[in-house]
Number of protein chains: 2
Amino acid sequence: MEHSPPAAPELYTIAQLADELGVTQRAIRFYEAKGLLKPQRLGTQRVFGRRDRARLLLVLRGIRLGFSLAEVREYLDLYDADPTKREQMRLLLAKVQARIAALEAQQRDLRQALCELHDIVAQVEGALDHTRQTTGAKRRAK
Amino acid sequence: MEHSPPAAPELYTIAQLADELGVTQRAIRFYEAKGLLKPQRLGTQRVFGRRDRARLLLVLRGIRLGFSLAEVREYLDLYDADPTKREQMRLLLAKVQARIAALEAQQRDLRQALCELHDIVAQVEGALDHTRQTTGAKRRAK
DNA sequence: GATTTGCTTGACGTATACGTCAAGTGAGTG
DNA sequence: CACTCACTTGACGTATACGTCAAGCAAATC
């Protein structure tokens, strides 16, 4: 039996997972109820594995990107297609392309917003520099 | 009196604006109630100008990016600062920087998601090509 | 056994973002 | 005047995403 180095835990209680990822237990249960997570059970108690943890990370990222839980669920479903079924692969490809298109549209919005904000920064910094020089001239006059 | 070329309208009713931008009148009224829009009035009837239209476009983009209406309102407030007040400019700069940081974080999430989706595409297309070659070989065998 | 801790479910509440509906007003038309 | 259309406000409803609370169970500890 080999000694393996200390590794990340393979199993988590709901509290451990919630604490580590900065999310409430209630939210995790809610995501499970919505079909986004499928933890195993020890009796009635939920047991989360590494895959569940990774899946929850994807959920949280989708939420941060502004997607509804239903949309996030669809996204996760993309990973669950059966690779042996040609028709499913075709369908998956179409869905992935659609989601790529949605994200690319969002990216355009995002770039535009960033561009405008950088414009504001430039203007404000220009205005502050201008008034700072004026103030500096006043000080020399004293 | 010069003849100016046909231009975009300067004033809109709520129905015109809603129809043009693909949003319901109810939503527009809601945004006004939340302080995001401030149309003028002709009696009791709302009158939207070009600035209102532009502002609504910003609102809609913020929503698409996943921000709450409160967050969108904060974003719009960035444009309303008084340029003659140095302290407001400083505060504005800090707020803009914070918003830039948030958008950049979102951009990282977005890039990551796109990267993963492109991976899926590559895998699926690889799998389809593999099975297509197999199918092609069968056809030649007939 | 009593207490504590950590988990469960179920139900109701809150916040956000509108949708729907009803009642009312004003302007234009026949 | 009656009707139609386009607007208004206000109120209640719906959907989403949880938060809060209560009751219950299991395991560990004193």
Side-chain angles (χ1 to χ4, degrees), chain A residues 9-49 52-53 55-77 99 102 106 109, chain B residues 9-49 52-53 55-77 99 102 106 109:
Chain A
E10 291 202 0
L11 300 178
Y12 303 81
T13 63
I14 188 167
Q16 287 168 340
L17 199 57
D19 196 48
E20 184 190 339
L21 299 189
V23 63
T24 63
Q25 297 180 28
R26 180 72 183 94
I28 292 178
R29 289 191 200 104
F30 188 71
Y31 303 148
E32 184 196 3
K34 293 291 180 181
L36 280 81
L37 300 174
K38 291 160 190 161
Q40 291 176 303
R41 294 281 186 147
L42 193 59
T44 61
Q45 185 166 350
R46 291 173 181 83
V47 177
F48 297 85
D52 298 308
R53 181 180 176 279
R55 197 169 170 97
L56 179 53
L57 283 170
L58 289 178
V59 169
L60 297 176
R61 193 185 66 193
I63 290 166
R64 290 200 298 274
L65 285 172
F67 293 110
S68 67
L69 294 186
E71 285 168 330
V72 172
R73 181 177 167 172
E74 284 172 16
Y75 176 82
L76 294 179
D77 288 346
R99 175 135 316 220
Q106 192 173 9
D109 280 335
Chain B
E10 292 202 356
L11 300 177
Y12 303 81
T13 64
I14 189 168
Q16 287 168 340
L17 198 57
D19 196 49
E20 185 191 338
L21 299 189
V23 63
T24 64
Q25 299 179 28
R26 179 72 182 94
I28 293 178
R29 290 190 200 105
F30 188 71
Y31 302 150
E32 185 198 2
K34 293 291 180 182
L36 280 78
L37 300 174
K38 292 160 188 160
Q40 291 178 304
R41 296 280 184 144
L42 192 59
T44 59
Q45 184 166 350
R46 290 172 183 83
V47 177
F48 297 85
D52 299 308
R53 181 180 175 281
R55 198 168 169 98
L56 180 53
L57 284 170
L58 289 179
V59 170
L60 297 176
R61 193 185 66 193
I63 290 167
R64 290 200 299 274
L65 285 172
F67 293 109
S68 67
L69 294 188
E71 285 168 329
V72 172
R73 181 176 168 174
E74 284 172 17
Y75 176 81
L76 293 180
D77 287 345
R99 173 125 331 210
Q106 192 173 11
D109 280 336

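The shown structure was predicted, so the numbers you read here are calculated from the model rather than taken from an experiment.
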- Return the set of residues passing side-chain hydrogen bond (donor to acceptor under 3.5 Å, both in side chains) with A/D52 (not counting sequence neighbours), or none when no residue passes. none
- Message: How many whole angstroms separate atom CG of B/L11 from atom P of D/dA6?
- Response: 19 Å
- Item | OP1 or OP2 of C/dT9 under 4.0 Å from side-chain N/O of A/R41 | yes
- Message: Please list, in numerical order, the residues of residues 28-39 of chain B that have a heavy atom closer than 4.0 Å to any atom of DNA chain C.
- Response: B/F30, B/Y31
- Below 4.5 Å, heavy atoms only, C-beta onward: do A/R53 and A/L57 meet side chain to side chain? yes
- Query: Of all residues at least two apart in sequence or in a different chain, which pass the side-chain hydrogen bond (donor to acceptor under 3.5 Å, both in side chains) check with B/E71?
  - Reply: B/S68
- Any side-chain heavy atom of B/I63 sitting closer than 4.5 Å to one from B/Y31? yes
- Message: Expressed as a whole number of angstroms, how long is the span from B/D19:CG to D/dC5:P?
- Response: 17 Å
- Quick one: ring pair (Phe, Tyr, Trp, His ring centres under 6.0 Å) partners of B/Y75, sequence neighbours excluded? B/Y79
- Query: For B/Q16 and D/dC5, what is the distance between atoms CD and C1' respectively, to the nearest whole Å?
  - Reply: 14 Å
Are any protein N/O atoms closer than 3.5 Å to N/O atoms in nucleotides 21-26 of chain C? If there are, list each pair with its distance.
none

- Task: Kindly indicate, with the supporting measurements, whether the criterion side-chain contact (heavy atoms from CB on, under 4.5 Å) is fulfilled by B/V59 and B/L56.
- Result: CA-CA 5 Å; B/V59 170; B/L56 180 53; 4.3 Å; yes
- Counting side-chain heavy atoms from C-beta on, which of C/dC18, C/dT8, C/dG19 comes nearest to B/I63? C/dC18
Show each protein N/O and nucleotides 3-6 of chain C N/O combination with a separation under 3.5 Å, one pair to a line.
none

- Excluding sequence neighbours, so at least two apart, what forms salt bridge (Lys or Arg N to Asp or Glu O under 4.0 Å) with B/R73? none
- Task: For the pair B/Q106 (side chain) and B/L65 (backbone), establish whether a donor and an acceptor sit closer than 3.5 Å, ignoring hydrogens and angles.
- Result: yes
- Note on the structure: Residue set satisfying side-chain hydrogen bond (donor to acceptor under 3.5 Å, both in side chains) with A/T24, at least two apart, ordered chain then number -> none
- Item | For DNA chain C, the residues among residues 65-72 of chain B that have a non-hydrogen atom under 4.0 Å from it | B/S68, B/L69
- Task: Identify, with sequence neighbours excluded, every residue that meets side-chain hydrogen bond (donor to acceptor under 3.5 Å, both in side chains) alongside A/R26.
- Result: none
- Query: Roughly how many Å is it from CD1 in A/I14 to C1' in D/dC18, rounded to a whole number?
  - Reply: 13 Å
- Message: Using 0.5 Å steps for rounding, measure from the CG atom of A/L58 to the CG atom of B/D109.
- Response: 10.5 Å
For residues 34-48 of chain A, which side-chain donor-acceptor pairs fall under 3.5 Å, sequence neighbours excluded?
{"residue": "A/R41", "atom": "NH1", "partner": "A/T44", "partner atom": "O", "Å": "2.4"}
{"residue": "A/R46", "atom": "NE", "partner": "A/E32", "partner atom": "OE1", "Å": "2.4"}
{"residue": "A/R46", "atom": "NH2", "partner": "A/E32", "partner atom": "OE1", "Å": "3.0"}

- Query: So does B/R46 get a side-chain nitrogen or oxygen closer than 4.0 Å to the phosphate oxygens (OP1/OP2) of D/dC7?
  - Reply: no
- Item | Set of residues satisfying salt bridge (Lys or Arg N to Asp or Glu O under 4.0 Å) with respect to A/R29, sequence neighbours excluded | none
